[in-house]
Amino acid sequence: MGVDQLRASVSAEASYTLVVLTGESDMNTRQMLSAVLEQAVSEPARHLLIDMSGLEFIDSVAMHVLIDIRNRFAREGGRTSIVAPHPLVARVLNLSGADQMMPVYPDLAAALASAG
C-alpha cells in the first residue's frame, strides 16, 4: 500500500511563517504535526500560512490539532490561513467548518496579497 507519511517544512519570513505539508496527516502523525505547528507559531511573524497543496489526506485528529493551534495563535494576536488545499482536504476543511475559521486561498500569492 502506498501510504505517504506526513512531511513538513517551516520557513520564516519577516511578515509570515510558511508551513508546507505533504503526504497524509492522521492520528499516527499527530505529534509530528503538533510539533511542526508549535515551531511555526513560535516564530516572530504573526501570520501563519499552511500550504496544503501536497497534503492528500487529513483526519479528524489532525484537524483537531490544526484548530487548537489556530485558536491559541489567534488568542496571541496571530492569524492562520490555509493555502491551496488538495481537493479531498478542502472537503474535510469544509465539512468540519475549519474553512470558516481560517481563510482558504488558492495559492501563496493570493494569501500574501490578502495581508495587505
> Do Ile82 and Phe57 belong together in a cluster built from hydrophobic side chains that touch within less than 4.5 Å?
Replying inline: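 Ile82 does not cluster with Phe57.
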
> What is the distance from atom CZ of Arg91 to atom NE2 of His86, rounded to the nearest 0.5 Å?
Replying inline: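 Result: 14.5 Å between the selected atoms.
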
> What distance do Thr22 atom OG1 and Met52 atom CE have between them, rounded to the nearest 0.5 Å?
Replying inline: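 That separation rounds to 12.0 Å.
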
>> Go through it in stages, so that I can follow the logic: the residues are Asp68 and Leu37, the test is side-chain contact (heavy atoms from CB on, under 4.5 Å), and I'd like the CA-CA distance, side-chain angles, deciding distance and then a yes or no.
In response: CA-CA 10 Å; Asp68 281 351; Leu37 294 175; over 6 Å; no

Short side-chain to backbone donor-acceptor contact, [X] and [Y], under 3.5 Å:
{"X": "Ser34", "Y": "Arg30", "answer": "no"}
{"X": "Arg72", "Y": "Ile67", "answer": "no"}
{"X": "Arg70", "Y": "Met102", "answer": "no"}
{"X": "Asp99", "Y": "Val104", "answer": "no"}

What's the shortest heavy-atom distance between [X] and [Y], and which atoms?
{"X": "Ser15", "Y": "Ala45", "value": "C-CB, 3.7 Å"}
{"X": "Ala62", "Y": "Ser25", "value": "CB-OG, 3.2 Å"}
{"X": "Leu55", "Y": "Val89", "value": "O-CG2, 3.0 Å"}
{"X": "Leu48", "Y": "Ala40", "value": "CD1-CB, 3.6 Å"}
{"X": "Gln39", "Y": "Ser42", "value": "O-OG, 2.6 Å"}
{"X": "Tyr105", "Y": "Ser114", "value": "OH-OG, 3.1 Å"}

> Between Leu93 and Met63, does a side-chain contact (heavy atoms from CB on, under 4.5 Å) hold up when you go through it step by step?
Replying inline: CA-CA 8 Å; Leu93 291 168; Met63 283 300 307; 3.7 Å; yes

>> Just to verify, which of Val20, Leu66, Val83 counts as forming a side-chain contact (heavy atoms from CB on, under 4.5 Å) with Ile50?
In response: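 It is Leu66; the other options fail the test.
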
>> If we check side-chain contact (heavy atoms from CB on, under 4.5 Å) with Thr29, which of these qualifies: Ile58, Val36, Leu6?
In response: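 Of Ile58, Val36, Leu6, side-chain contact (heavy atoms from CB on, under 4.5 Å) with Thr29 is met by Leu6 alone.
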
Check whether any side-chain heavy atom of [X] lies under 4.5 Å from a side-chain heavy atom of [Y], and answer yes or no.
{"X": "Thr80", "Y": "Ile69", "answer": "no"}
{"X": "Met101", "Y": "Asn71", "answer": "yes"}
{"X": "Glu43", "Y": "Glu13", "answer": "no"}

> Got more than 12 heavy atoms from elsewhere within 6.0 Å of CD, Glu76?
Replying inline: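 Correct, the count exceeds 12.
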
> Quick one: side-chain hydrogen bond (donor to acceptor under 3.5 Å, both in side chains) partners of His47, sequence neighbours excluded?
Replying inline: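 Listed in chain order: Arg79, Ser81.
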
